[in-house]
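By convention here, the first residue in the shown sequence is residue 1.
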Amino acid sequence: MIEDVSVGVAPSSDVESGSAGGVHPGAERPEVPWQRTAARSMLVSPVKALWDAVPTMAPMVLVGVAKGGWAQWLIVAGLLVPVGTALMQWFFLRFRVAEGQFQVRRGVLARHQTTMQLTKIRAVDVQATAMRRVLRVCDLTISTGAGAPIEVKGVDAAVAHGLRQTLLARASYDGPEGAIPGGVAPDAAVSDALVGGGSGVGGSVSSGVVPSAPEVAVATDLLRWRSSWLRFAPFTMGGIAAAGAVVAFVSNIVRDLDDSSWIGEHIGVVTGWLHAIDPVLLVVVAAVLAVLLIPALAVVTYVLSNWNFRLWRSGDGALHVTRGLLTTHATSVEESRLRGVVLERPLLLRLPSGARGKALLTGVPADHTSTSDLLCPPAPLDEVVGLLGTVLGSADPVTVDLIRHGPIAVRRRFVRGAWCALAWTALWVFLVWQQHWPSWVVSVAVVAWVWEGLLAWGRAQSLGHAWCADYVVGRTGVMPQQRSMVRASAVIGWQFSQTWFQRRVNLVTVQVMVATKGGSVTIPDMPYEQAVALVGAVSPDLCARVRA
């Protein structure tokens, strides 16, 4: 066996003082055994592996069925590969909590062991698909914010929820490892949301699997799902994304099957029938179908993602989110990681006065695509504003009137929009002149000028900043419009940048540096004096350097 040990965070010292968990300081600690994931997860993991292989396997299966003979054995061999891989991954996967670390060991030929120090853990996500809920197993994603997160799939539900609470409790504890008193039971709210309740989820977790952790205080609900939120679903991009995914999947299958004998004939018949239809009628029918289907797909996507949404705060310094219909998600993050919040209003969602809320969290890698920062799905604006005020402890940063950046900054928005519209107009003129396109194409330039004018007006209305209740507030953008509120104590630096055009009109783009996923919050086109005044109010010790 080849052993390759990769360490996510440097482990703590092996020498620990004081009594830990009833073990005398001089006594040798018993070794914590490695644990396997639940064997019943094998009822769904091979099926998931086969489903993931459908885009690749479907053409081979159809061709094999059409030709018969030895080609059918290739189908069997192709189906066995993902199933065998899933079984081998389960057999060689081990995990445990020991020596102040969460450790995972995996690999068939090359053995990999990944360790994560408990005090460095920043987020624990628990996810369960519909089939996994029936089998009472969950998938764990554990992140420190440094490097890739650790994923452990198919953990028993009781162990998963106890482990989630234990890891977060240890992450917020600064004393000697092993000195945390008391036991912990899995959070009933999370267990019920992910596995549908019932016996076998509650109760204490075996100390051989999960170490002890402090008791969790009574939870305080901050926001719960309302069926009235469904009216905001058609104004999200979920329907367009779902429709695009369906079209891409079908087109890939059709392209791969085009050369096969009997499938190719049917594809040719359908293609010929479509070519026989009047193009104008075809475009009209496609537009009508899009208008009808995309909002319906958006509602379905919204329900699948956000059904039974619940956000609550526990007494252990953590925010918890559960959501989802078929595949349920449970996310827990330390509130001490919260560096601020974002009130986000996409262009379409502003039409019905909707918004969504996100958290600015430290310890999240820049390439991390998880939705662990979601505080509220698309919902009424007043409810999102109230929620963000509750999370921050004050509604003032969310509702305060912003300081505008003046007419020069507004003019820059319109000038940049005019340059973009002029570039589009020049392109269409070139196509008509050189490529002999129809002359009416040039009239489309009017649409470009109107569109860029509306975008410039929206960007101009978004410009603004404020300093309120120890929070730096900045608003920018239109697709979407984002109002970011950053805690002053979380600001680690400032960056001023000026283009040649900005220097001529004494404007500056300010980046508020903060240790979050994006790395900074940008406030564009601030008058230089306002920027210096903001830095002086938030970081007085840096004001003199900024002036210099």
Side-chain angles (χ1 to χ4, degrees), residues 40-41 43-45 47-48 51-52 54 123-141 151 153-157 160-161 164 186-198 200-201 219 221-246 249 292-312 319-333 346 349 352 354-358 369-380 383-384 387:
R40 58 184 179 275
S41 66
L43 296 176
V44 65
S45 293
V47 177
K48 176 65 167 54
W51 175 254
D52 293 338
V54 164
V124 180
D125 296 346
V126 185
Q127 176 179 330
T129 61
M131 182 60 68
R132 292 181 187 272
R133 293 168 65 186
V134 173
L135 298 175
R136 307 185 70 80
V137 295
C138 303
D139 297 338
L140 282 174
T141 303
E151 295 183 353
K153 298 184 177 181
V155 182
D156 181 85
H161 301 302
R164 177 188 64 88
D187 191 328
V190 178
S191 300
D192 291 343
L194 286 170
V195 298
V201 178
D221 278 344
L222 301 181
L223 189 67
R224 279 186 176 271
W225 161 270
R226 291 181 176 85
S227 58
S228 60
W229 293 356
L230 287 176
R231 71 179 187 272
F232 297 98
F235 299 94
T236 64
M237 299 299 292
I240 297 177
V246 172
F249 178 80
L292 295 177
L293 293 180
I294 289 180
L297 289 174
V299 172
V300 172
T301 302
Y302 188 94
V303 170
L304 292 177
S305 300
N306 303 306
W307 182 263
N308 203 28
F309 179 92
R310 181 192 176 199
L311 169 67
W312 76 97
L319 292 172
H320 308 270
V321 173
T322 57
R323 61 188 180 89
L325 181 60
L326 299 180
T327 299
T328 54
H329 303 262
T331 303
S332 299
V333 296
L349 197 57
R356 59 185 174 216
K358 293 184 177 182
T369 58
S370 173
T371 56
S372 59
D373 59 348
L374 182 67
L375 293 178
C376 180
E383 291 191 33
V384 180
L387 170 68

- Heavy-atom nearest pair, H329 first then T327, reads CD2-O, 3.7 Å

Acceptor/donor pairs from residues 296-304 side chains to any protein atom, 3.5 angstrom cut, sequence neighbours excluded:
residue: T301; atom: OG1; partner: L297; partner atom: O; Å: 2.8
residue: Y302; atom: OH; partner: P378; partner atom: O; Å: 2.5

- Message: As a quick check of understanding, evaluate side chain to side chain contact (heavy atoms under 4.5 Å, CB included) for R226 and E383, giving each step before the final call.
- Response: CA-CA 11 Å; R226 291 181 176 85; E383 291 191 33; 2.9 Å; yes

- Message: Does R164 form a side chain to side chain contact (heavy atoms under 4.5 Å, CB included) with H320? I'd like the steps, not just the answer.
- Response: CA-CA 11 Å; R164 177 188 64 88; H320 308 270; 3.2 Å; yes

- Message: Working note: L140 + V126, criterion side chain to side chain contact (heavy atoms under 4.5 Å, CB included); need CA distance, chi angles, decisive distance, verdict.
- Response: CA-CA 5 Å; L140 282 174; V126 185; 3.6 Å; yes

- Message: With a 3.5 Å distance limit and no angle check, can you tell me whether D139 reaches the backbone of G154 through a side-chain donor-acceptor pair?
- Response: yes

Counting only pairs under 3.5 Å, give me each side-chain donor-acceptor contact of residues 231-246, with atom names and distances, residues two or more places apart or in other chains.
residue: R231; atom: NH1; partner: S228; partner atom: O; Å: 3.0
residue: T236; atom: OG1; partner: A233; partner atom: O; Å: 2.7

- Query: How long is the gap from CG on L223 to CZ on R310, to the nearest 0.5 Å?
  - Reply: 11.0 Å

- Between the main-chain N or O of V321 and the side-chain N or O of T331, is there a donor-acceptor pair closer than 3.5 Å? no

- Query: Distance from C376 atom SG to L222 atom CG, nearest 0.5 Å?
  - Reply: 11.0 Å

- Message: Contact between R356 and P346 at the side-chain level, heavy atoms closer than 4.5 Å - yes or no?
- Response: yes

- Task: Please check if the side chain of R40 supplies one atom and the backbone of L135 the other of a donor-acceptor pair under 3.5 Å.
- Result: yes

- Task: Find out whether W312 and T322 are in side-chain contact, i.e. whether some heavy atom of one side chain is under 4.5 Å from a heavy atom of the other.
- Result: yes

- How long is the span from the CG atom in L387 to the CG atom in L375, to the nearest 0.5 Å? 6.0 Å

- Interatomic spacing from CZ in R323 to CG in N306 - rounded to 0.5 Å: 5.5 Å

- State whether the number of non-hydrogen atoms from other residues, nucleotides or ligands found under 6.0 Å of W307 atom CH2 is greater than 12. no

- Query: Between atom CD of Q127 and atom OG1 of T328, what is the distance when rounded to the nearest 0.5 Å?
  - Reply: 7.5 Å

